[in-house]
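Worksheet for the structure shown next.
All residue numbers refer to positions in the sequence shown, counting from 1.
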Amino acid sequence: MATHHTKVLIIGSGAAGLTAAIYAARANLKPILLAGLQPGGQLTITTDVENFPGFPDGVQGPELMERMQAQAERVGTEVIYDLITEVDFSKRPFRCVSDSGDEYFGETVIISTGATARWLDIPSEVEYRGFGVSACATCDAFFFRGKDVAIVGGGNTAVEEAIFLTNHASSVTLIHRRDSLRAERVMQDHLFANPKVKVIWDSVVDEVKGSESPKSVTGLRLRNVNTGETSEIDVAGLFVAIGHTPNTAMFKDVLDMDAEGYLITKPDSTATNVPGVFAAGDVQDHIFRQAITAAGTGCMAAIEADRFLVDHGKIA
């Protein structure tokens with residue numbers, strides 16, 4: 001077991017964490033970044049990224065994260081492949097303990113542990129994830145221009161994304177396991193008024209069907225939850241919009257969070273309710289959930305951590 005000390009401890013290695021690391025390192029704060037369970041975050045399981053500025057021909061998600069990490073390390077970030085399992089924010093320096101038993105002490109902490117998309121948990125969904133199955137319409141709708149797609153869900157996110165998909169797809173089939181939606185009424189009205197949208201009620205996706213050459217989604221097998229009857233529809237893509245789970249379990253009863261578990265930050269800030277602890281990226285953003293917005297809040301968190309250290313006499 002080892003003990004590590006830093007002025008800025010960053011938990012999480014997605015776009016938010018790595019951007020925070022770049023800014024903190026360039027401020028000569030010598031940050032330590034803990035890569036966590038999924039180094040690189042959600043973008044490492046994303047194929048084509050065409051909406052991140054600076055890549056006119058697009059970039060593969062894993063490559064983008066590798067470039068971010070290389071930049072963070074080049075300017076002075078120490079990246080450690082460890083997973084934090086316990087935190088003590090009752091006093092400074094803040095103490096974090098990893099599953100390896102190592103202790104990490106930070107004068108400030110930036111939390112960028114992200115959020116995990118909820119999936120349908122069927123084998124075929126996993127097989128075609130990134131090949132027609134997606135959890136982000138804003139990210140991937142562009143690839144389905146003029147094609148038929150389906151989306152699963154019944155809340156605000158599912159309805160918003162279904163409407164957004166109609167800007168690209170030729171048709172959108174929304175599949176919901178109940179006979180009514182949970183989304184706000186005004187959003188439902190917009191959905192039902194859109195001629196490109198069809199709703200299939202009381203149904204779940206039993207199987208994602210596809211081809212292997214090229215690997216792509218070709219359809220879905222649906223099952224009616226009331227009758228058990230199955231049916232098939234032809235679609236080129238499936239979007240899963242049944243919510244995200246923020247990776248905040250270890251911060252319960254330590255930091256303020258909303259009913260869904262997202263960390264609450266102050267207006268126009270990444271500061272949490274504990275002075276010196278900041279949150280950036282999807283762990284505190286349940287609205288946009290984009291790599292570019294995560295990177296933006298990572299930048300904010302690093303700048304705020306720097307100012308906090310100056311105000312508390314930790315930087316000469």
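- The two residues Leu18 and Met68 have their closest heavy-atom pair at CD1-CB, 3.7 Å.
- You'll find the side chain of Cys139 reaches within 4.5 Å of the side chain of Gln290, heavy atoms only.
- Side-chain atoms of Asp202 come within 3.5 Å of backbone atoms of Asp179 as a donor-acceptor pair (strictly under, hydrogens ignored).
- Within the 4.5 Å cutoff, the side chain of Tyr23 has no heavy atoms near those of the Leu29 side chain.
- No donor-acceptor contact under 3.5 angstrom links the side chains of Ser203 and Arg177, judged on distance only.
- With Thr297 contributing its side chain and Ala294 its backbone, the two residues share a donor-acceptor pair below 3.5 Å.
- Between the side chain of Gln42 and the backbone N or O of Ala115 there is at least one donor-acceptor pair closer than 3.5 Å.
- The environment of Asp268 atom CG is sparse: at most 12 non-hydrogen atoms of other residues, nucleotides or ligands sit within 6.0 angstrom.
- Between Arg95 and Glu103, at least one side-chain nitrogen of the basic residue sits less than 4.0 Å from a carboxylate oxygen of the acidic one, meeting the salt-bridge criterion.
- We find the NE2-CD1 distance between His190 and Ile163 to be 6.5 Å, quoted to the nearest 0.5 Å.
- No donor-acceptor pair under 3.5 Å is formed between the side chain of Thr157 and the backbone N or O of Ala241.
- With hydrogens and angles ignored, the 3.5 Å screen pairs no side-chain donor or acceptor of Gln284 with any backbone N or O of Ala280.
- Side-chain contact between Leu9 and Thr108: absent, with no pair of heavy atoms (C-beta onward) separated by less than 4.5 Å.
- Two rings, from Phe239 and Phe144, have their centers less than 6.0 Å apart.
- Counting heavy atoms of neighbouring residues, nucleotides and ligands inside a 6.0 Å radius, atom CZ of Phe55 exceeds 12 of them.
- Grouping the Ile, Leu, Val, Met, Phe, Trp and Tyr side chains by contacts below 4.5 angstrom, directly or via other members, places Ile200 apart from Val197.
- Checking side-chain atoms of Ser170 against main-chain N and O of Lys147 turns up a donor-acceptor pair under 3.5 Å.
- Here Ile22 contributes atom CD1 and Ile10 contributes atom CD1; the two are 9.5 Å apart, rounded to the nearest 0.5 Å.
- Ring centroid separation for the pair His286 and Tyr262 comes in under the 6.0 Å cut-off.
- Between Cys96 and Ile84, the shortest heavy-atom contact is CB-CD1, 3.7 Å.
- In terms of hydrophobic clustering, with Ile, Leu, Val, Met, Phe, Trp and Tyr side chains grouped at heavy-atom distances under 4.5 Å, Ile110 and Leu33 are assigned to a common cluster.
- Within a 6.0 Å sphere centred on CD of Glu212, other residues, nucleotides and ligands contribute more than 12 heavy atoms.
- Linking Ile, Leu, Val, Met, Phe, Trp and Tyr residues whenever their side-chain heavy atoms come within less than 4.5 Å leaves Ile111 and Val8 in two separate clusters.
- Within a 6.0 Å sphere centred on CG of Asn194, heavy atoms belonging to other residues, nucleotides or ligands number more than 12.
- Considering only heavy atoms from C-beta on, His4 comes within 4.5 Å of Asp102 through its side chain.
- Cluster membership check: Phe89 shares its hydrophobic cluster with Leu263, using side-chain heavy-atom separations under 4.5 Å among Ile, Leu, Val, Met, Phe, Trp and Tyr.
- Salt bridge annotation for Asp282-Arg289: absent, with no cationic side-chain nitrogen under 4.0 angstrom from a carboxylate oxygen.
- We find the CG-CD1 distance between Leu220 and Ile175 to be 5.0 Å, quoted to the nearest 0.5 Å.
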*Is there a side-chain contact (heavy atoms from CB on, under 4.5 Å) between Arg92 and Glu107 once you walk through the steps?*
CA-CA 6 Å; Arg92 294 200 337 269; Glu107 292 294 337; 3.8 Å; yes
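- Considering only heavy atoms from C-beta on, Val199 comes within 4.5 Å of Phe192 through its side chain.
- For the pair Ala271 and Phe278, the tightest heavy-atom approach, listed with the atom from each and the gap, is CA-CD2, 3.6 Å.
- Looking only at side-chain heavy atoms (C-beta outward), Leu43 and Val49 come within less than 4.5 Å of each other.
- For the pair Arg145 and Phe142, the distance from NZ or CZ to the six-membered ring centre is under 6.0 Å and the angle to the ring normal is within 45 degrees.
- A 6.0 Å sphere centred on NZ of Lys215 holds more than 12 heavy atoms belonging to other residues, nucleotides or ligands.
- Using modelled atom types, one finds no donor on one side chain facing an acceptor on the other under 3.5 Å when comparing Asp99 with Thr85.
- Residues Leu222 and Glu232 form no side-chain contact, since every pair of their non-hydrogen atoms from C-beta on lies 4.5 Å or further apart.
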Before giving the answer on side-chain contact (heavy atoms from CB on, under 4.5 Å), spell out for Leu165 and Ile151 the whole-Å C-alpha distance, their side-chain angles and the decisive distance to 0.1 Å. CA-CA 9 Å; Leu165 284 166; Ile151 184 166; 4.2 Å; yes
>> Run Val149 and Leu238 through side-chain contact (heavy atoms from CB on, under 4.5 Å) and show every step you take.
In response: CA-CA 6 Å; Val149 300; Leu238 171 65; over 6 Å; no
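- A salt bridge does not link Glu127 to Arg129: none of the charged nitrogens lies less than 4.0 Å from a carboxylate oxygen.
- Arg26 contributes atom CZ, which lies 8.5 Å from atom CD of Gln71 (distance to the nearest 0.5 angstrom).
- Rounding to the nearest 0.5 Å gives a distance of 9.0 Å between CE of Met257 and CG of Asn273.
- A pairwise comparison of heavy atoms in Ala35 and Ser13 identifies O-OG, 2.8 Å as the closest pair.
- The backbone N or O of Ala150 sits nowhere less than 3.5 Å from a side-chain atom of Thr173 that would complete a donor-acceptor pair.
- Judged by distance alone, the side chain of Lys196 and the main-chain N or O of Thr166 form a donor-acceptor pair under 3.5 Å.
- The shortest heavy-atom contact between Arg118 and Val240 is O-CG1, 3.5 Å.
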**Item:** Worked verdict on Thr113 versus Asn247 for side-chain hydrogen bond (donor to acceptor under 3.5 Å, both in side chains)
**Value:** CA-CA 6 Å; Thr113 48; Asn247 301 318; 5.4 Å; no
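- Across Glu184 and Asn156, no two heavy atoms sit closer than the pair N-OD1, 2.9 Å.
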Please test Glu304 against Thr270 for side-chain hydrogen bond (donor to acceptor under 3.5 Å, both in side chains), starting from the C-alpha separation and ending with a verdict. CA-CA 8 Å; Glu304 289 187 286; Thr270 62; 2.5 Å; yes
- request: List the steps, then state whether side-chain contact (heavy atoms from CB on, under 4.5 Å) holds for Val159 with Leu181.
  value: CA-CA 9 Å; Val159 171; Leu181 301 176; 4.0 Å; yes
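- Between the Thr6 side chain and the Gly106 main chain, no donor and acceptor come within less than 3.5 Å of each other.
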Would Ser211 and Ser216 count as a side-chain hydrogen bond (donor to acceptor under 3.5 Å, both in side chains) here? Give the steps. CA-CA 5 Å; Ser211 63; Ser216 58; 3.1 Å; yes
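- Atom CG of Leu120 is separated from atom CG of Asp206 by 10.0 Å, given to the nearest 0.5 angstrom.
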Requested in this report: With side-chain hydrogen bond (donor to acceptor under 3.5 Å, both in side chains) as the test, would you mind laying out the steps for Glu161 and Thr138 before giving the verdict?
Outcome: CA-CA 7 Å; Glu161 296 204 340; Thr138 308; 4.5 Å; no
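- Val97 and Tyr104 are not part of a single hydrophobic cluster, where members link through side-chain heavy atoms under 4.5 Å apart.
- In this pair, Trp201 and His176 present their aromatic rings perpendicular. The plane angle is above 60°, beyond the 30 to 60° band.
- Side chains of Glu50 and Phe143 form a contact here, defined as non-hydrogen atoms less than 4.5 Å apart.
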